[in-house]
Amino acid sequence: MQRARRAALLPVAFFARPADQVARDLLGRLLVVEGADGRVGGRIVETEAYLGGEDPASHAAGLRRNERNAAIYGPPGTWYVYLSYGMHWCANLVAGPPGQGAAVLLRALQPLEGLELMERRRGTRIARLLCAGPGRLCQALGIDRTLDGVPMRRSPARVLGVEGLPPGRVRVTPRIGITKAADWPLRFLEEGSPWVSGPRGRND
DNA sequence: GCGCCGATTGGCT
DNA sequence: GCCAATCGGCGCC
């Protein structure tokens with residue numbers, strides 16, 4: 001029987017490094033989500049690193065440990081999913097050593113698989129608007145609270161260890177949409193990708 | 001208990 | 001470009 005060659009998952013060790021390195025190295029990898037109504041996925045083209053307690057913008061800074069942010073203190077490779085502005089889910093992967101509170105926010109994908117399902121979930125057929133932005137990405141992929149605190153290796157949402165981006169294709173910019181330490185150069189995106197989020201002119 | 005703010009998005013001026 | 005929608009944590013009364 002034909003068996004599609006299955007790429008290996010990224011190992012836990014991949015995530016047990018500083019969040020900025022993890023954020024950069026996640027670019028170009030494949031994120032695949034198995035849902036009840038189908039399988040969707042795409043290439044990661046935009047991420048942001050949140051460094052933990054020392055980073056004023058991190059959910060590990062200024063906030064006490066609570067039910068909402070508990071997952072961020074888990075082991076590397078754990079999903080941290082929270083509700084933003086009361087209506088959009090945002091998906092992060094915990095990075096660095098446990099307890100540090102560092103994580104990488106997934107901000108945009110190049111949609112590749114399950115386009116029709118993503119269009120249905122998002123209510124648009126404009127490909128550019130399917131996965132450009134953390135809230136849109138989660139809606140297209142069917143990611144919500146049920147993923148929060150789940151280790152990636154045991155979750156329906158997995159990042160495959162396909163080849164990442166060569167250094168020349170990676171652009172680093174200030175972070176988007178936050179007020180504290182926004183200017184820290186911790187947003188990573190694929191150079192020239194039409195699939196990234198953010199207003200035009202914000203990508204340089 | 002109440003008001004403010006936010007790692008967002010989409011619709012309207 | 002402006003602004004409402006909508007939930008949860010936090011600070012303060």
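A note on names: the letters A, B, ... follow the listed sequences, proteins ahead of strands, and every chain is numbered from 1.
- Listed candidates were dT6(C), dG9(C), dA7(B). Nearest to the side chain of Met87(A) is dT6(C).
- The CG-C1' distance, from Leu137(A) to dT9(B), rounds to 14 Å in whole Å.
- Here His59(A) and Tyr50(A) keep their ring centres 6.0 angstrom or further from each other.
- Separation of the C1' atoms belonging to dG8(C) and dG10(B) is 22 Å when rounded to the nearest angstrom.
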Check: Given the rule in the side-chain hydrogen bond (donor to acceptor under 3.5 Å, both in side chains) test, do Glu46(A) and Ser197(A) qualify, once you have shown the distances and angles that lead to the verdict?
Finding: CA-CA 8 Å; Glu46(A) 179 184 350; Ser197(A) 74; 2.9 Å; yes
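- The side chain of His88(A) sits closest to dT8(B) out of dG9(C), dT8(B), dA7(B).
- Put simply, Tyr50(A) rests on the base of dA7(B): the two rings are less than 5.5 Å apart at their centres and nearly parallel, under 30°.
- Within the shown strands, dT9(B) is the pairing partner of dA4(C) under the Watson-Crick or G-U definition, both distances less than 3.5 Å.
- Under the 3.5 Å distance criterion, with hydrogens and angles disregarded, no donor-acceptor pair is assigned to the side chains of Thr47(A) and Arg107(A).
- For dA7(B), its base sits under 3.5 Å from the side chain of Tyr82(A) at one donor and acceptor pair at least.
- Residue Arg107(A) has a polar side-chain atom (N or O) positioned under 4.0 Å from OP1 or OP2 of dT8(B).
- Taking side-chain N and O atoms only, Arg136(A) has a distance below 4.0 Å to OP1 or OP2 of dG10(B).
- Between Thr179(A) and dG6(B), a side-chain N or O to OP1/OP2 separation shorter than 4.0 Å is present.
- A sub-4.0 Å separation between OP1 or OP2 of dC10(C) and a side-chain N or O of Asn66(A) is present.
- In this structure, Arg64(A) reaches the dG11(C) phosphate: one of its side-chain N or O atoms is under 4.0 Å from OP1 or OP2.
- Residue Trp89(A) contributes atom CH2, which lies 8 Å from atom P of dG8(C) at whole-angstrom precision.
- With distances taken from any side-chain atom of Arg145(A) to the nucleotides dG9(C), dT8(B), dG8(C), the minimum falls on dG8(C).
- Remark: side-chain polar atoms of Asn69(A) are paired, donor with acceptor, to backbone N or O of Arg64(A) under 3.5 angstrom.
- Counting to the nearest Å, the P atom of dG9(C) and the CZ atom of Arg65(A) are 14 Å from each other.
- Rounded to an integer number of Å, the gap from NE2 of His59(A) to C1' of dC7(C) is 13 Å.
- Across all strands, Leu105(A) comes closer than 4.0 Å to base atoms (heavy-atom distances).
- Distance CH2 (Trp79(A)) to P (dA7(B)): 20 Å, rounded to an integer number of Å.
- Minimum atom distance to the side chain of Arg122(A) is reached by dG10(B), of the listed dG9(C), dA7(B), dG10(B).
- For Arg17(A) (side chain) and Phe14(A) (main-chain N/O), a donor-acceptor pair under 3.5 Å exists by modelled atom type.
- The CZ-P distance, from Arg175(A) to dT8(B), rounds to 12 Å in whole Å.
- Residue contacts shown for Asn92(A) include a base, since a base heavy atom lies under 4.0 Å away.
- Between the P atom of dT9(B) and the CZ atom of Arg121(A) lies a distance of 17 Å, rounded to the nearest Å.
- Spacing between atom OH of Tyr85(A) and atom P of dG11(B) amounts to 18 Å, rounded to whole angstrom units.
- Arg29(A) places a side-chain N or O within 3.5 Å of a backbone atom of Val162(A) that can act as its donor or acceptor partner.
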